[in-house]
Amino acid sequence: METNRNCRRRAGSAGFTLIELLVVLVILGLLAALVGPRVLGYLGGARADAARLQIQSLEQALDLYRLDTGSYPSTQQGLQALIRDPGGVRGWRGPYLDSSTLPLDPWGRPYVYRSPGERGPYDLFSLGADGAPGGTGEAADVTSGRR
């Protein structure tokens, strides 16, 4: 008789009801709907911040290059001149970056470099999430401080 009561109690209390599971799923869905956009917004801002930091690092390397050679690399030489001797440049003492490859922007594309630039001795920027000039929000260009 004791074992019959234990069996009945286990069978009656095992698991959750369908309504309890639906309530939990609705609560989780509401939380995801409220928190998800905020997390994605922080991620987009973090990528732009990472691009700004990488651009600052590249600017410092470009300044060192200019101190050694007397000018910034040309557009044709590009940022590759910071890691490999472009040839025919007096005073090159690189590499000017710690890495043997150029960093990509946080969206996986190369940084855009032009020298001479439209707004200074050079332009250095990332095209943002959309990979196209201009844009707003996460799609906005991330430019150097010199631009």
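Computed from a predicted model, the values in this text were never measured in an experiment.
- Grouping Ile, Leu, Val, Met, Phe, Trp and Tyr by side-chain contacts under 4.5 Å, direct or through others, puts V26 with L30.
- Checked against side-chain contact (heavy atoms from CB on, under 4.5 Å), S71 has the following partners two or more places apart in sequence or in another chain: T69.
- Residue L58 holds its CG atom at 6.0 Å from CG of L79, rounded to the nearest 0.5 Å.
- Between V142 and F125 the shortest side-chain heavy-atom distance does not fall below 4.5 Å.
- The number of heavy-atom neighbours closer than 6.0 Å to CG of L31, taken from other residues, nucleotides and ligands shown, is above 12.
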Exercise. When you look at I83 and Y96, which way does the side-chain contact (heavy atoms from CB on, under 4.5 Å) test go after all the steps?
Worked result: CA-CA 6 Å; I83 55 176; Y96 297 94; over 6 Å; no

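- E20 contributes a side-chain N or O that, together with a main-chain N or O of T17, makes up a donor-acceptor pair within less than 3.5 Å.
- L104 shares a hydrophobic cluster with no other residue; no ILVMFWY side chain has heavy atoms under 4.5 Å from its own.
- Here the closest non-hydrogen pair linking P103 and Q54 is CB-NE2, 3.8 Å.
- Residues in residues 124-133 take part in these side chain to side chain donor-acceptor pair (under 3.5 Å) pairs, two or more places apart or across chains: D105-S126.
- Within the 3.5 Å criterion, the main-chain N or O of R114 finds no donor-acceptor partner in the side chain of D123.
- Counting side-chain heavy-atom gaps under 4.5 Å among Ile, Leu, Val, Met, Phe, Trp and Tyr, the cluster of L22 also holds L18.
- The backbone N or O of G117 sits nowhere less than 3.5 Å from a side-chain atom of S115 that would complete a donor-acceptor pair.
- Distance alone, capped at 3.5 Å, places no donor-acceptor pair between the T75 side chain and the Y113 backbone.
- Side-chain atoms of S99 never come within 3.5 Å of backbone atoms of L102 as a donor-acceptor pair (strictly under, hydrogens ignored).
- Considering CD of Q77 and OH of Y65, their distance stands at 4.5 Å, rounded to 0.5 Å.
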For this session: Before giving the answer on side-chain contact (heavy atoms from CB on, under 4.5 Å), spell out for I55 and R52 the whole-Å C-alpha distance, their side-chain angles and the decisive distance to 0.1 Å.
Result: CA-CA 5 Å; I55 286 172; R52 280 186 201 88; 5.7 Å; no

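- By the criterion of side-chain heavy atoms lying less than 4.5 angstrom apart, applied directly or through intervening Ile, Leu, Val, Met, Phe, Trp or Tyr residues, I27 is not grouped with F16; the two fall into different hydrophobic clusters.
- Shown here for G134 and D141, the closest heavy-atom pair between the two residues is N-OD2, 3.0 Å.
- Between the Q60 side chain and the S57 main chain, no donor and acceptor come within less than 3.5 Å of each other.
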Would you tabulate the side-chain donor-acceptor contacts of residues 87-94 under 3.5 Å, counting partners in other chains and residues two or more places apart, or write 'none'?
{"residue": "W92", "atom": "NE1", "partner": "A81", "partner atom": "O", "Å": "2.8"}
{"residue": "R93", "atom": "NH1", "partner": "D68", "partner atom": "OD1", "Å": "3.3"}

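- When every heavy atom of L124 is checked against every heavy atom of Y111, the shortest pair comes out as CD1-CB, 4.0 Å.
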